[in-house]
Amino acid sequence: MSKDTNINQIRNIGIMAHIDAGKTTVTERILYYTGKSHKLGEVHDGEAVMDWMEDEQNRGITITSAVTTCQWKKSQIHIIDTPGHVDFTIEVERALRVLDGAVAVFCAVGGVEPQSETVWHQADKYSVPRIVFINKMDRTGADYFNVIEMMKEKFNANPLILQLPVGREENFSGVIDLVKMKQIKWHDESLGAEYDITEIMPDLEQKAKKYREELLEIIAETDDDLMEKYLGEEPISTKEIKNAIRKATLKRQVIPVMCGSALRNKGIQPLLDAIEAFLPSPKDIPPVKGIDPDTEEPLEFPAQKTANPSALIFKVSMIEGRKLSFARIYSGTFISGSDVYNSSLKKKEKLSRILRMHANKRERVKQASAGEIVGIVGLKFSSTGDTLCSEDKPVLLEKMEFDKPVISIAIEPKTHADQEKLNEVLKKFTIEDPTLKVTEDKDTGQTILSGMGELHLEIIISRMLREFKTNVNVGNPQVVSRESIDAPVTGRAVFDREISGKQHFAEVIIELSPLQRGEGIKFESMASEDEIRTEYYPVIEKSARDSLENGYIKGYPFVDTLITLKGGSFNELSSELAFSACAAMACRDALEKGNVFLLEPIMDVDVLIPEKYMGDAIADLNSRGGKIESITPKGSIQMIKATMPLSKMFGYSTALRSASQGRGTFTMKFSRFDRI
């Protein structure tokens, strides 16, 4: 923060929306009109400043939340442009955790779409005040008032209409400002940088007065002084209206609504004015709460430059092999080159450099204070969700919670050189992305990569090749089955051989019988001391268990089987070696006679879905061999509990999304092994 920037003049905002609502284009226009960019970057040309990753430019979508800083009039605005695709909600979640306000962008044609519902509820979770910008007013089918009705219906929100559109679809030319009661028309030849503020056209005056009256009525209900003036029909100044809107927005009593067409360069400057006028500064939000890491007593740190320092790392990026940590500073001042304490790990770290971010470009600063969002270089151990503070006044801020992965793929390196790089590359990705998990399947030796959706994993594989030149083969993870038997069967073996010049003898009779699902492998003996001495029982048990571990049909381990030692014989030539070998032979004899079958992993699946899509979701579960166990209503959402074979779960994430227009979600966990 420059010395002359007052903390009251900082705005930390996120721009959030459904995919394709035009978030990134809105951000690009903000950068252009605040002087951060000198040309307009277009998403469809792959030239958007904020979508700087190659995958983002190729696909025309935002994948990673980009941070930038710009100046508008008296305010320093830190903006995080977040992804709209459901696979990347982690990026939205962690951005909303550290932001003070948000701009929700809705498409004037599509309205409130599924992912905009998800991010809206995420913003509710963190009590983030927001304003709405209804974009794409120039598109065929654009309907401003329909979107406002959808907001009321889907969010139970209280929209406050600040602007009316002038002209429809391709004739959209500007807006009427209901606070100032003026009309704004943008100049196309200046790329929207210039505009005229005029009196409202006579044919629109009646409509404007009607909506101005509605605005005053809604805002008067939130402010007693204004209500008195409104009821007394006294004149209310523009300043009084703006102050009342600000107070009501910060308390989340109203959601100011504006409109425009970012692609056609219309509506952005009034949006910037609204961000400055109505969204909170760090001073407007309650002091950050944490606990003392040693005593666990609650602590509060106010948003002041001179307070004890506290900051939360909300994101880590590995850019060109170097670790860049993004932090929101809640209190105090952090100085470049100084030591800092990570209270989450109880370790000292060094702030080598502090950077002011502009997408993937950055500018070094000597220090940063309360309210700022910065990049930090030099933190060796710190990761997402960790707290930075001073060692003498430590504080632990609330950790960030992340969703568990829902889909997995198996990967293997193509060459020996790729093998060496793979582990290192995967480590970098998991540092960056807490929703990505890497495990090794002990049974198959495959590396299993788990994430939030098929697109999420597709991007990771693409980045592996492009950024790290690591080639991998990708496939579904092999489903690991188990084996068992369906009826008791007895096997007998005699071991009578000379080994290394010495004769060995043993006779073993073993019965294998089925147990209930989930009981595992058990061993018991019914043999007498005359048949087999007890000292040989441990080697017989170990050998029989090892034999079943190696399987019979496809080499999968046995489960739910009772091994019973029924009898046998020994003499002076008997040995542990003889009984070990003989027990394995007796097991093999029993398996050859018995009826062995395969068991597959069965998952418990919970599906959350709006009622109107329930029929399609149930039909899909049935087609995959799922068994519906219960359906429970949770408000307007239905919860379906089912069990389903893991082998049928591949691609389910995408199928559910298609069946529910992106509104359905599911979780699954291992239940048991059952017969195929």
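Values below: all heavy atoms of this structure, side chains included; hydrogens, waters and symmetry mates excluded.
Residues Y330 and V98 meet the side-chain proximity criterion, which asks for heavy atoms closer than 4.5 Å. Contact of the F106 side chain with the Y144 side chain is not registered, since no non-hydrogen atoms from C-beta on lie closer than 4.5 Å. Between V365 and R356, some side-chain heavy-atom pair lies under the 4.5 Å cut-off. Under the 4.5 Å side-chain criterion, counting only non-hydrogen atoms from C-beta, S660 is not in contact with D616. Residues R252 and D124 have side chains in contact (heavy-atom distance under 4.5 Å, counting atoms from C-beta outward). With contacts defined as side-chain heavy-atom distances shorter than 4.5 Å, the pair R29/L263 qualifies. When side chains are defined from C-beta on, D100 counts as touching P282, because their heavy atoms get closer than 4.5 Å. Between I161 and M258 there is no side-chain heavy-atom pair separated by less than 4.5 Å.
Under the 3.5 Å distance criterion, with hydrogens and angles disregarded, a donor-acceptor pair is assigned to the side chains of E276 and S75.
E169 places a side-chain N or O within 3.5 Å of a backbone atom of G141 that can act as its donor or acceptor partner. Formation of a donor-acceptor pair under 3.5 Å by the N12 side chain with backbone atoms of H78 is not found in this model. Judged by distance alone, the side chain of D223 and the main-chain N or O of D225 form a donor-acceptor pair under 3.5 Å. Judged purely by atom type and a 3.5 angstrom limit, R11 has no side-chain atom pairing as donor or acceptor with the backbone of I77. In terms of modelled atom types and a separation under 3.5 Å, the side chain of R130 and the main chain of V103 share no donor-acceptor contact. Not one N or O on the side chain of S331 forms a donor-acceptor pair closer than 3.5 Å with the backbone of A307. For Q183 (side chain) and D177 (main-chain N/O), no donor-acceptor pair under 3.5 Å exists by modelled atom type. At least one donor-acceptor pair closer than 3.5 Å links the side chain of Q163 to the backbone N or O of C259.
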Take L355 and E363 through the side-chain contact (heavy atoms from CB on, under 4.5 Å) test and state the conclusion after the steps.
CA-CA 5 Å; L355 308 169; E363 156 201 355; over 6 Å; no
Can you list the steps and then say if D606 with M639 is a side-chain contact (heavy atoms from CB on, under 4.5 Å)?
CA-CA 7 Å; D606 290 352; M639 184 176 188; 3.4 Å; yes
Output, in order, the C-alpha distance, side-chain angles, deciding distance and verdict of side chain to side chain donor-acceptor pair (under 3.5 Å) for E28 and T25.
CA-CA 5 Å; E28 293 299 320; T25 306; over 6 Å; no
Please determine whether side-chain contact (heavy atoms from CB on, under 4.5 Å) holds for the pair Q76 and Q9, giving the CA-CA distance in whole Å, both sets of side-chain angles, and the decisive distance to 0.1 Å.
CA-CA 6 Å; Q76 186 186 89; Q9 293 168 338; 5.9 Å; no
Evaluate L160 against L215 for side-chain contact (heavy atoms from CB on, under 4.5 Å), listing each step before the verdict.
CA-CA 6 Å; L160 183 70; L215 184 150; 4.1 Å; yes
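Open room surrounds CG on N156; 12 or fewer heavy atoms of other groups in view lie less than 6.0 Å from it. A 6.0 Å sphere centred on NZ of K242 holds no more than 12 heavy atoms belonging to other residues, nucleotides or ligands. With a 6.0 Å radius and a threshold of 12 heavy atoms from other residues, nucleotides or ligands, N171 has its CG atom above the threshold. Heavy atoms of other residues, nucleotides or ligands lying less than 6.0 angstrom from CD of E233 number 12 at most.
The two atoms that bring R212 and I236 nearest to each other are NH2-O, 4.2 Å, heavy atoms only. The shortest heavy-atom contact between I313 and V316 is CG2-CG2, 4.0 Å. Between A368 and I329, the shortest heavy-atom distance links the atoms CB-CD1, 3.5 Å. The two residues I79 and C70 make their nearest non-hydrogen contact at CD1-SG, 3.9 Å. For the residue pair P129 and L250, the shortest heavy atom distance occurs at CG-O, 3.9 Å. Minimum heavy-atom separation, K266 to S173: CE-O, 3.7 Å.
Salt-bridge formation is detected for the pair E240/K229: a Lys NZ or Arg NE/NH1/NH2 atom is positioned less than 4.0 Å from an Asp or Glu carboxylate oxygen. Using a 4.0 Å cut-off between a side-chain N of Lys or Arg and a carboxylate O of Asp or Glu, K289 and E398 do not qualify as a salt bridge. Between D138 and R264 a salt bridge is recorded (basic side-chain N to carboxylate O distance below 4.0 Å). Using a cut-off of 4.0 Å between Lys/Arg side-chain N and Asp/Glu carboxylate O, E372 and R328 are scored as not salt-bridged. Ion pairing between a basic and an acidic side chain is recognised when a charged N comes within 4.0 Å of a carboxylate O; K210 and E213 show no such pairing.
Separating the CD1 atom in I268 from the OG atom in S261 is a distance of 8.5 Å, to the nearest 0.5 Å. Atom CZ of residue R139 and atom CE of residue M137 lie 12.0 Å apart, to the nearest 0.5 angstrom. Note that the CG atom of L279 and the CD1 atom of I131 stand 4.5 Å from one another [nearest 0.5 Å]. Note that the NZ atom of K251 and the CZ atom of R246 stand 12.5 Å from one another [nearest 0.5 Å]. Atom CE of M181 is separated from atom CD1 of I241 by 10.0 Å, given to the nearest 0.5 angstrom. The structure places NZ of K73 at 8.5 Å from CG of L272, a figure rounded to the nearest 0.5 Å.
If you look at F145 and Y211, their ring centroids are closer than 6.0 Å.
Residues that satisfy the salt bridge (Lys or Arg N to Asp or Glu O under 4.0 Å) test with D143, not counting sequence neighbours, are absent from this structure. When the ring pair (Phe, Tyr, Trp, His ring centres under 6.0 Å) test is applied to Y230, no partner is found at least two apart in sequence or on another chain.
With I134 as reference, I148 is the one residue of N146, V105, I148 to meet the side chain to side chain contact (heavy atoms under 4.5 Å, CB included) rule. Considering V254, L162, D273, I255 in turn, L162 is the only one that fulfils the side chain to side chain contact (heavy atoms under 4.5 Å, CB included) rule with F278. Applying the side chain to side chain donor-acceptor pair (under 3.5 Å) test between Q269 and each of W186, W72, Y195 identifies W186 as the sole match. Screening S281, P287, P280 for a side chain to side chain contact (heavy atoms under 4.5 Å, CB included) with K283, the sole residue that qualifies is S281.
Ring pair F326/F314 is tilted by interplanar angle, where 30° to 60° counts as tilted.
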